[in-house]
**Student:** 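The structure is given below, and queries will be raised subsequently.
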Amino acid sequence: MAEKDNENIPIYSQPGTSVKCDERKFPASYGFESQECAEFPTYIMFDITNVCNSKCIHCPHSTVYSKSNTPVFLKLDVYKKVIDECAGRKIHFVRITADGEPLLHQELIVMINYASKQKVGPVGLTTNGSLLNSSTIKEIVESDLFMIDISLDAAKSTTYEKIRNGLSFEKTINNVKSLLEYKNKIGSPLKVMVSFVKQEDNLSEVEEFENYWKPLVDKVLIREMISNVNLVKIEKGNNVARWPCPHWFRRIVVNYEGVIKACPIDWKNGTAYMHVSETSIYDAWHSDFYQKNRFEHLNNNFSTDSICKDCMDWQGSPWELGYEKVVAGLKGEAS
């Protein structure tokens with residue numbers, strides 16, 4: 001564990017070893033996974049809109065965003081600024097998602113292809129799949145997208161329509177099948193993943209879900225339920241020794257307003273730093289703000305105003321797992 005009087009020393013794994021050390025070569029239990037990542041985030045995530053077409057029961061969208069909230073879509077020039085800064089760096093993954101549904105963003109395909117043009121990526125898209133019509137499927141499959149992750153969360157219609165309130169099970173499943181058919185028809189290398197968030201209403205369907213989708217897609221991802229920083233009620237584990245949350249060490253999130261933040265499930269932007277017009281990704285990554293929060297996690301000693309202090313979602317973020325490690329597997333790389 002890092003000492004409290006060394007708060008400007010990044011932690012990383014020494015090249016060629018599995019022992020995590022800081023720059024003094026002192027052992028550290030957690031930290032950056034590579035010296036490369038200590039220099040610049042290797043995982044860039046964009047939440048490109050706050051608009052959604054569903055009210056999922058495990059998602060804070062309907063709680064955090066009232067009808068009076070103004071719909072916001074990430075501006076293309078803001079997205080391009082971030083991608084341009086990433087060009088020439090080793091980026092393991094660019095994830096396009098949303099505090100809502102990313103397929104509602106009219107410039108989504110432009111965003112995907114721009115990252116590819118700048119040789120930044122691979123690029124993944126997370127969607128609920130309900131808006132995958134014939135024209136959208138053609139655009140996505142023929143784009144430079146590496147992977148699409150479709151959130152389904154159920155094997156049965158009644159369960160799906162309870163969890164994913166406002167969406168049609170039959171329509172969405174047919175959309176996914178149409179996507180797979182077109183991908184296979186043109187021989188696209190696009191990777192297709194379907195995901196399932198375990199919760200009280202669908203626990204009995206995990207095996208059925210896996211058995212149905214495994215022969216059809218490249219990956220079936222079963223996720224643990226999280227509270228989204230205490231916005232969703234979940235059962236919390238007791239007597240578990242806290243570990244630092246990996247988010248501060250692995251990725252940067254750019255939200256729909258163009259603000260840099262650390263946490264992908266921080267719906268109220270309590271980990272927000274600055275707008276990308278005010279700082280670079282590099283400077284944010286090396287800022288006192290990021291360093292302070294990293295060492296609060298490493299030392300399990302949080303300031304009173306930290307939203308991380310009472311968050312329990314670190315339990316759903318083990319260091320040996322992580323979304324970027326799933327992507328590495330799809331790329332055929334060791335995680």
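Remember, it's a predicted structure, so these values are computed and weren't measured experimentally. The first residue in the sequence is number 1, and the count goes up from there.
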**Student:** Within 45° of the six-membered ring axis of Tyr323 and under 6.0 Å from that ring's centre, is NZ or CZ of Arg95 located there?
**Tutor:** yes
**Student:** Linking I/L/V/M/F/W/Y whenever any side-chain heavy atoms sit under 4.5 Å apart, do Leu76 and Leu103 land together?
**Tutor:** yes
**Student:** Assess whether side chain to side chain contact (heavy atoms under 4.5 Å, CB included) is satisfied between Asn230 and Asp310, documenting all intermediate values.
**Tutor:** CA-CA 8 Å; Asn230 301 326; Asp310 297 320; 4.2 Å; yes
**Student:** Spell out, as yes or no, whether a donor-acceptor pair under 3.5 Å connects the side chain of Asp313 to the backbone of Val229.
**Tutor:** yes
**Student:** Can you list every ring-ring contact (aromatic ring centres under 6.0 Å, His included) pair that touches residues 95-133, not counting sequence neighbours?
**Tutor:** Phe73-His105
**Student:** Is Leu203 reachable from Tyr160 through a run of I, L, V, M, F, W or Y residues, each pair having side-chain heavy atoms under 4.5 Å apart?
**Tutor:** no
**Student:** Give the other cluster members for Ile57, using side-chain heavy-atom distances under 4.5 Å between Ile, Leu, Val, Met, Phe, Trp and Tyr residues; answer none if it is isolated.
**Tutor:** Ile163
**Student:** Checking the side chain of Gln118 only, and the main-chain atoms of Asp84 only, is there a donor and an acceptor separated by less than 3.5 Å?
**Tutor:** no
**Student:** Less than 3.5 Å apart, which donor and acceptor atoms pair up between the side chains of residues 216-223 and the rest of the protein, not counting sequence neighbours?
**Tutor:**
residue, atom, partner, partner atom, Å
Asp218, OD2, Val192, N, 2.8
Arg223, NH2, Asp149, OD2, 2.8

**Student:** Do Tyr282 and His286 have their ring centres less than 6.0 Å from each other?
**Tutor:**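 Aromatic pair counts; centres sit under 6.0 Å.
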**Student:** Without swapping roles, check the side chain of Glu205 against the backbone of Asn202 for a donor-acceptor pair under 3.5 Å.
**Tutor:**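 Checked: no pair found.
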**Student:** Should the heavy atoms of other residues, nucleotides or ligands under 6.0 Å from CD of Glu200 be counted, would the total exceed 12?
**Tutor:** no
**Student:** Does the separation of the ring centres of Trp243 and Tyr30 fall below 6.0 angstrom?
**Tutor:**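 Between Trp243 and Tyr30, the centre distance exceeds or equals 6.0 Å.
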**Student:** Please confirm whether Phe249 and Trp319 have ring centers closer than 6.0 angstrom.
**Tutor:**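 Between Trp319 and Phe249, which both carry aromatic rings, the centre distance is below 6.0 Å.
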